[in-house]
Structures are given as structure tokens and as C-alpha cells.
Asker: 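The following block contains the structure, expressed as C-alpha cells.
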Amino acid sequence: MQSQKELFISHELFSKDPFEIVSNPIFQRIYEIYDKVSQYIREFLNKNGFLEFKSILLGPVTDPGIRGAKQITVDYYGKEYKIMSSAILYKQFLAAARKKSGKEGKIYFFADNLRLEPLETASMDRHLVEFIQVDLEIADADHFDAMKIAEELLFYVISRVKENEKELKMIWEFFQPYWESRGLKQRTELKLPKLPLKRYTHKEAVDILKNTIQENPNYFEQIKRLFKIEPKKISYTTEIHWEYEWLISSINEEPFFIYDYPRGARGFYDREYPDKPGILMDFDLIYPEGYGEAASGAAREYEINKVIQRMKETGERLEKYKWYLEFLKNHGIPTAGFGIGLERLVRYICALPSIYLTLPYPKIPGIYNL
Ligand code: AMP
Ligand code: MG
């Protein structure tokens with residue numbers, strides 16, 4: 001017989017009565033933290049001059065750069081529309097419009113995103129099909145300005161949740177058997193990150209990973225065992241695959257940034273350095289202790305010719321982006337921003353075995369629970 005605790009931390013949770021789970025006091029505590037984290041994010045952004053907009057849910061196009069996830073299409077009065085995988089193009093538009101109106105040009109959404117993530121992500125513990133991305137954009141800014149806001153936001157939220165660390169401790173203790181069973185350390189305190197956070201270029205991050213694996217080839221076995229996948233090759237010219245993102249996250253004890261990704265790694269909207277061809281003005285914020293990616297951001301490509309060239313390279317159908325290209329042609333200005341996943345942030349703060357434990361109706365790739 002599995003204990004109740006063991007049941008809560010395995011996918012067998014879903015064979016139980018959902019009401020029993022959602023009404024469990026530990027789960028209710030997690031939902032309270034979720035609520036508080038949302039409030040603290042709004043507090044921080046509003047203090048810093050950001051205006052919240054309701055996010056858009058449907059449009060003729062959505063973000064195509066979603067690392068192998070599928071978009072969801074709906075029939076919108078006879079036309080194919082997409083449910084937002086990310087409302088990135090709309091926030092660029094709104095930040096520019098707000099700036100044009102004479103204001104600071106800082107905007108954000110609590111955006112509901114839907115992505116049919118690849119099946120292998122189900123074992124990564126950080127992918128949901130439905131999640132919230134706090135998505136912000138700043139006019140007249142670049143990726144370094146956005147990184148500064150990202151680290152200050154994380155610092156603020158952690159300092160606010162730490163005011164009530166007793167609540168967190170009860171959650172950490174509940175999941176202790178899980179971490180022990182995996183031979184991993186259990187969280188006993190939530191450290192306030194030291195700012196500025198470390199910043200590695202993509203090239204430096206790949207070098208760190210190559211050296212780490214060379215020094216300790218056991219990591220390959222650990223990746224196979226933990227995620228039930230065959231590790232891919234590490235490369236200077238591609239995205240950092242999930243398993244390596246986990247590895248670099250595991251060997252760090254503080255959140256950190258990776259910036260300057262290669263051009264092939266990201267969508268057409270991440271701007272290429274005008275003087276460093278092939279390198280994008282973008283970044284990821286990564287949690288330590290194996291929790292992986294927290295946020296992705298960039299300075300946006302706003303020069304229409306460059307956007308069209310990038311769209312053609314990745315096979316986008318330009319006519320679907322009519323409104324966006326019109327906007328860039330007539331009103332495009334430099335903007336930068338990022339999106340931070342709310343459930344991943346709550347998972348990190350609560351030190352939860354998996355992201356799905358943050359929500360009462362979690363959708364895990366490939367699992368028909370609700
Ligand atoms: P992306 O544009 O793919 O980098 O997404 C922005 C942020 O949203 C990521 O950094 C994550 O924190 C979060 N995110 C992306 N995909 C998922 C997912 N499938 N489940 C939960 N959070 C996600
Ligand atoms: Mg990302």
C-alpha cells in the first residue's frame with residue numbers, strides 16, 4: 001500500500017477523488033501561495049509603472065517559437081484562429097501604443113496560455129498544457145533592461161513570501177519523502193537571491209555543461225533515470241535542451257541568467273544584434289536546484305525587413321501576420337520584455353516535486369485527468 005503522501009506525489013493522484021485532493025489542507029496552502037505570489041507580482045509591477053491589460057485569448061496567429069509544442073486551432077466564424085500559446089506580438093503592440101500616448105510604455109498581462117507540449121515533457125515536472133505566463137513589455141528598452149526588471153521582480157516576490165516562511169515550511173516538510181527517495185536535498189529555507197544575478201552567455205553555459213559532463217559522466221545516467229529519455233547532443237548553435245537546462249539549474253545554488261542565444265534557438269521576434277550576426281539579444285532566467293527555466297525574454301526585432309526575412313526563414317505565412325506587419329511598418333519601435341511562468345514560480349517557491357501540484361485542475365501533457 002502506498003502512503004497518502006506517496007500518492008500525492010505520483011501521477012496516481014489522478015485516480016483519486018479530485019475533491020479529496022483539492023480540499024486537502026496542504027494543497028489549499030499551495031493555492032494560497034499561488035494567490036499571494038500573483039498579488040506580489042502585481043504589486044511590484046504596478047509600483048514600477050506597469051499597466052495591466054486583459055490578455056488576448058484568440059487570434060489569427062500565435063507565438064510559433066514554442067519548442068516543439070503544438071498550437072490549438074479553433075473555427076472562428078469560418079476562419080482558422082489560434083488559442084494563444086503566448087500573446088507576445090500583442091504586448092509589443094500595446095507597449096508601443098502606450099508610449100505613443102505619452103505614457104511610459106510599460107505593460108503586462110496575466111496571460112492564459114495553451115500549448116500541446118510534446119509527450120516527453122510529462123516527465124520533466126515543469127510543463128503544463130494550460131498555464132499562466134506573466135508577460136510584460138517595455139518600450140524603448142533592450143534585453144539588459146528587461147533582465148534587470150526580471151531579477152528585481154523575483155527578488156521582490158521572494159522577499160514578500162519569506163515574510164511568512166512558516167507556511168512554506170509546512171509544504172516543504174510534506175514533500176520531504178519525495179526528495180529523499182530521489183536522493184535529493186529537501187528545501188529548508190528560501191534564500192533571497194543576491195542581485196545582480198550571475199549572467200552566463202549561451203556559449204559560456206554550453207562550456208559549463210560540456211565540462212560538467214566530462215568531469216562527471218554519471219550525469220548521463222541520472223538524466224536517463226530521472227526523465228526516461230536519451231540525452232541529446234549539446235551544441236553552441238541550438239537551444240539548450242530540457243535535460244541540460246535541468247543539469248545547469250541543478251549545479252547552481254542561486255537563480256541566474258543565460259543570454260545571447262544563437263539565432264536558430266528562438267522565434268523571429270527576438271532581435272539579432274546588429275553588430276553580432278547570428279546572436280540574439282535575448283535571455284532566460286533559470287531557477288537553481290534543478291527547477292529549470294523561470295522566464296524567457298528579449299529585445300524585439302522591430303525592423304520590418306528583418307522580421308520578414310526571419311519569418312521567411314522559418315516558413316511563416318506572412319498573410320497571417322498582416323495586422324502585426326502593418327503595426328511594425330507604421331509604428332514599430334524598440335521594445336523588450338519577458339514572460340515568467342506563474343506555476344513554475346510557485347513550484348520553485350514551494351519546492352514541489354512537480355508543477356502540476358500548483359493547480360486544482362492541472363493539465364499534464366498526455367494525461368486525461370479532468
Ligand atoms: P516561453 O515563451 O516558451 O519561454 O515561455 C515563457 C515562460 O512561460 C517560460 O519561461 C515558463 O516559465 C513558462 N512556460 C512555458 N511553457 C510552459 C508550460 N508548458 N507549462 C508551464 N509553464 C510554461
Ligand atoms: Mg522559454
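Whatever order the structure lists them in is the order used to number ligands and atoms, beginning at 1. Keep in mind that this is a model prediction, so the values were computed, not measured.
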Asker: I need the OE2(Glu293)-the Mg ion (ligand 2)-OG(Ser296) angle, rounded to 10 degrees.
Answerer: 80°

Asker: With respect to Ile340, which candidate in Val157, Leu136, Leu153 satisfies the side-chain contact (heavy atoms from CB on, under 4.5 Å) definition?
Answerer: Leu153

Asker: Nearest protein heavy atom to atom 12 (O) of ligand 1, by residue and atom, and its distance?
Answerer: Ala294 O, 2.7 Å

Asker: Mind checking whether Ser86 has a heavy atom under 4.0 Å from ligand 1?
Answerer: no

Asker: Give me the nearest non-hydrogen protein atom to atom 13 (C) of ligand 1 as residue plus atom name, then the distance to 0.1 Å.
Answerer: Gly341 CA, 3.6 Å

Asker: Geometry only, no angles: is Phe131 polar-contacting ligand 1 at N/O separations under 3.5 Å?
Answerer: no

Asker: For Asp284 and Tyr261, which I'm curious about, is there any donor-acceptor pair between the side chains at under 3.5 Å?
Answerer: yes

Asker: May I ask you to list the atoms of ligand 1 that are less than 4.0 angstrom from any heavy atom of Ala295?
Answerer: 10 (O)

Asker: Verify whether one side chain among Glu343 and Tyr356 offers a donor that lies under 3.5 Å from an acceptor in the other.
Answerer: no

Asker: Side chains of Lys228 and Ser123: donor-acceptor distance under 3.5 Å anywhere?
Answerer: no

Asker: Please identify which atoms of ligand 1 are closer than 4.0 Å to at least one heavy atom of Gly339.
Answerer: 6 (C), 7 (C), 10 (O)

Asker: Nearest protein heavy atom to atom 3 (O) of ligand 1, by residue and atom, and its distance?
Answerer: Arg115 NH1, 2.7 Å

Asker: Please write down residue, atom name and distance for the protein heavy atom closest to atom 20 (N) of ligand 1.
Answerer: Leu128 N, 2.9 Å

Asker: Determine, using the 4.5 Å side-chain heavy-atom cutoff (strictly less than), whether Ile33 and Tyr31 are members of one ILVMFWY cluster.
Answerer: yes

Asker: Do the rings of Phe268 and Tyr321 sit parallel, tilted or perpendicular, given the 30° and 60° boundaries?
Answerer: perpendicular

Asker: Answer yes or no for Arg187 and Tyr348: cation-pi contact, defined as NZ/CZ to six-membered ring centre under 6.0 Å and angle to ring axis within 45°.
Answerer: yes

Asker: Centre of Phe110's six-membered ring, under 6.0 Å away, within 45 degrees of the axis: is that where NZ or CZ of Arg42 sits?
Answerer: yes

Asker: Give the atom numbers and elements of ligand 1 that come within less than 4.0 Å of a heavy atom of Glu117.
Answerer: 16 (N), 18 (C), 19 (N)

Asker: Given Lys363, Glu293, Gln133, which one has a non-hydrogen atom that is nearest to atom 9 (C) of ligand 1?
Answerer: Glu293

Asker: For the residue pair Phe327 and His331, categorise the inter-ring angle as parallel (less than 30°), tilted (30 to 60°) or perpendicular (more than 60°).
Answerer: parallel

Asker: Report, in ascending order of atom number, the atoms of ligand 1 lying under 4.0 Å from any heavy atom of Arg126.
Answerer: 20 (N), 21 (C)

Asker: Using a 4.0 Å heavy-atom cut-off, which part of Ile355 comes near ligand 1: side chain, backbone, both, or neither?
Answerer: side chain

Asker: Looking only at protein heavy atoms, identify the closest one to atom 11 (C) of ligand 1 and say how far it is in Å.
Answerer: Arg344 NH1, 3.5 Å

Asker: Do Phe338 and Asp135 have side chains that approach each other closer than 4.5 Å (heavy atoms only, starting at C-beta)?
Answerer: no

Asker: How far is atom 4 (O) of ligand 1 from its nearest protein heavy atom, and which residue and atom name does that atom have?
Answerer: Ser296 OG, 2.8 Å

